[in-house]
Amino acid sequence: MLLTRATDNRLKAFFTGGEVRFGSTSFQGKGFRSLGQEAIYAAAMRLRRGPAWRRPDGTWGGDVVAPVIRDLGSRWPCIPSPKP
């Protein structure tokens with residue numbers, strides 16, 4: 001949940017700080033925050049994810065996550081761990 005909050009804070013600073021530009025114009029949007037939605041990380045931990053859910057024919061047999069506006073934290077558990 002801390003990773004979700006930290007990422008959310010960085011993205012907000014990124015968008016409001018003028019770093020995102022289209023030509024000479026800075027970003028004009030709001031940048032929706034996920035404050036209060038950090039627990040979505042815990043829900044995503046229970047999903048069937050990872051290589052164990054890849055079927056022998058190559059199709060996917062696990063769960064699928066499709067985050068919308070404030071569900072950024074649901075993506076963190078789905079990222080493969082780095083190999084040692």
Side-chain angles (χ1 to χ4, degrees):
M1 290 194 297
L2 290 174
L3 182 59
T4 300
R5 176 71 61 95
T7 303
D8 187 64
N9 288 338
R10 177 60 185 118
L11 286 172
K12 182 64 174 182
F14 183 68
F15 282 108
T16 59
E19 295 178 56
V20 178
R21 305 187 73 71
F22 179 75
S24 61
T25 308
S26 63
F27 180 72
Q28 300 295 312
K30 289 183 176 183
F32 292 99
R33 308 288 310 264
S34 59
L35 296 174
Q37 305 293 323
E38 294 91 347
I40 193 73
Y41 179 90
M45 289 294 295
R46 300 300 304 158
L47 296 174
R48 295 176 295 174
R49 63 195 198 295
W53 295 97
R54 178 80 51 200
R55 296 182 185 123
D57 65 357
T59 60
W60 182 249
D63 293 319
V64 176
V65 176
V68 189
I69 295 173
R70 294 180 174 92
D71 300 332
L72 172 67
S74 66
R75 294 300 305 141
W76 289 121
C78 299
I79 297 171
S81 298
K83 294 181 181 178

* To do: Return the minimal non-hydrogen interatomic distance between Ser74 and Ala44, and the atom names on each side.
  => O-CB, 3.5 Å
* For the side chain of Thr59 and the backbone of Arg55, is there at least one donor-acceptor N/O pair under 3.5 Å apart? -> no
* Leu11 CG to Thr16 OG1 distance, which is reported to the nearest 0.5 Å -> 10.5 Å
* Is there a path from Leu47 to Trp60 through hydrophobic residues (I, L, V, M, F, W, Y) whose side chains come within less than 4.5 Å of each other? -> no
* Got more than 12 heavy atoms from elsewhere within 6.0 Å of CZ, Arg46? -> no
